[in-house]
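Reckoned from all heavy atoms, side chains included, excluding hydrogens, waters and symmetry mates.
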Amino acid sequence: MFKVDNEKKHDENVEQEENIDEQLEEIDAEIVDEDGNVEKDSSEDENEFKEKYQRLLADFTNFKKREEKARADFKKFASSNLIEELLPVLDNFDRALKDQDSEDSFVKGIMMTRDSLWKVLEKEGLEEIESDGVEFDPNFHHAFQTEENEDFKSNYIIETYQKGYKLNDRVIRPSMVKVAK
């Protein structure tokens with residue numbers, strides 16, 4: 001099926017190139033005025049038409065490239081609304097599992113459910129923003145609180161209140177953190 005589609009696309013491209021060559025030949029032909037007389041001093045007009053045609057062709061090619069990129073971006077971020085709505089569910093799983101006994105079978109089941117949800121989201125391009133113990137970066141972190149703390153260097157994150165996430169390298173929720181002064 002893919003081979004047939006590729007052959008069709010190749011045939012269409014060859015056909016488009018032939019059409020362009022034919023149009024260029026028509027431009028190269030003699031220019032006739034409204035009365036049917038051949039214009040003898042038409043080399044300037046002919047060059048002008050060629051230049052306009054080439055500019056239009058370049059503009060169309062650039063337009064096609066922009067549209068393909070826009071379509072690819074749309075596919076890449078189409079699921080972002082759904083993922084943003086699922087982040088509180090992921091947070092609730094983390095809160096529920098925070099201080100639980102990992103040997104309890106019920107807790108193991110919740111951990112497996114959380115992990116399977118995370119794998120699905122990760123497959124869509126979601127990744128967690130690193131925050132605990134790293135230097136504060138306003139592009140990825142939201143400073144919720146600051147505190148004097150001798151155990152941490154100035155401008156380093158002491159604690160994370162809410163995890164932050166990126167979707168395909170775009171921040172969809174910054175980490176809410178406490179920063180050392």
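Separation of atoms CG (N168) and OG (S79) is listed at 7.5 Å; rounding is to 0.5 Å. Remark: L86 CG to L121 CG distance equals 5.5 Å, nearest 0.5 Å. In this structure, CD in E130 is found 9.5 Å from OG in S175, a value given to the nearest 0.5 Å. Between E148 atom CD and S154 atom OG the span is 8.5 Å, to the nearest 0.5 Å. To the nearest 0.5 Å, atom CD of residue E84 and atom OH of residue Y165 are 13.0 Å apart. Atom NZ of residue K108 and atom CG of residue D101 lie 9.0 Å apart, to the nearest 0.5 angstrom.
For the pair V134 and H141, the minimum side-chain heavy-atom distance is below 4.5 Å. Put simply, the side chain of R95 reaches to within 4.5 Å of the side chain of N92, judged on heavy atoms. Residues F140 and K166 are in side-chain contact: their nearest non-hydrogen atoms beyond the backbone lie under 4.5 Å apart. Residues K163 and L87 are not in side-chain contact: their nearest non-hydrogen atoms beyond the backbone lie 4.5 Å or more apart.
Linking Ile, Leu, Val, Met, Phe, Trp and Tyr whenever their side-chain heavy atoms come within less than 4.5 Å leaves F60 and Y53 in two separate clusters. W118 and I110 end up in the same hydrophobic cluster when Ile, Leu, Val, Met, Phe, Trp and Tyr side chains are linked at under 4.5 Å. Taking hydrophobic clusters as Ile, Leu, Val, Met, Phe, Trp and Tyr residues chained together by side-chain heavy-atom distances below 4.5 Å, L90 shares a cluster with L82. I172 is connected to L117 through a chain of hydrophobic side-chain contacts under 4.5 Å among Ile, Leu, Val, Met, Phe, Trp and Tyr, so both are in one cluster. Cluster annotation: V120 and V89 are assigned to distinct hydrophobic clusters (Ile/Leu/Val/Met/Phe/Trp/Tyr, side-chain heavy-atom contacts under 4.5 Å, transitive).
Among N149, I158, I157, the one residue that satisfies the side-chain contact (heavy atoms from CB on, under 4.5 Å) test with K178 is I158. Tested against K52, the residues E48, K50, Q54 include a single side-chain contact (heavy atoms from CB on, under 4.5 Å) partner, E48.
For F152 against A180, the heavy-atom pair with the smallest separation is CB-CB, 3.9 Å. Looking at every heavy atom in both residues, L167 comes nearest to E124 through CD1-O, 3.6 Å. Closest of all the heavy-atom pairs between S102 and V107 is CA-CG1, 4.2 Å.
By the neighbour-count criterion of 12 heavy atoms within 6.0 Å, atom CD of Q162 is densely surrounded, having more than that number from other residues, nucleotides or ligands.
Through direct or relayed side-chain contacts under 4.5 Å between Ile, Leu, Val, Met, Phe, Trp and Tyr, Y161 connects to F144, M176.
The salt bridge (Lys or Arg N to Asp or Glu O under 4.0 Å) search around D91 returns R173, not counting sequence neighbours. For D73, the salt bridge (Lys or Arg N to Asp or Glu O under 4.0 Å) partners are K69, not counting sequence neighbours.
The pair E67-R71 fails the salt-bridge criterion, with no side-chain N (NZ, NE, NH1 or NH2) lying under 4.0 Å from an Asp/Glu carboxylate O.
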Evaluation steps, side-chain contact (heavy atoms from CB on, under 4.5 Å), between K64 and T61: CA-CA 5 Å; K64 281 177 43 178; T61 304; 5.8 Å; no
Between V171 and N139, is a side-chain contact (heavy atoms from CB on, under 4.5 Å) present by the stated rule, with each step listed? CA-CA 8 Å; V171 175; N139 297 317; 5.9 Å; no
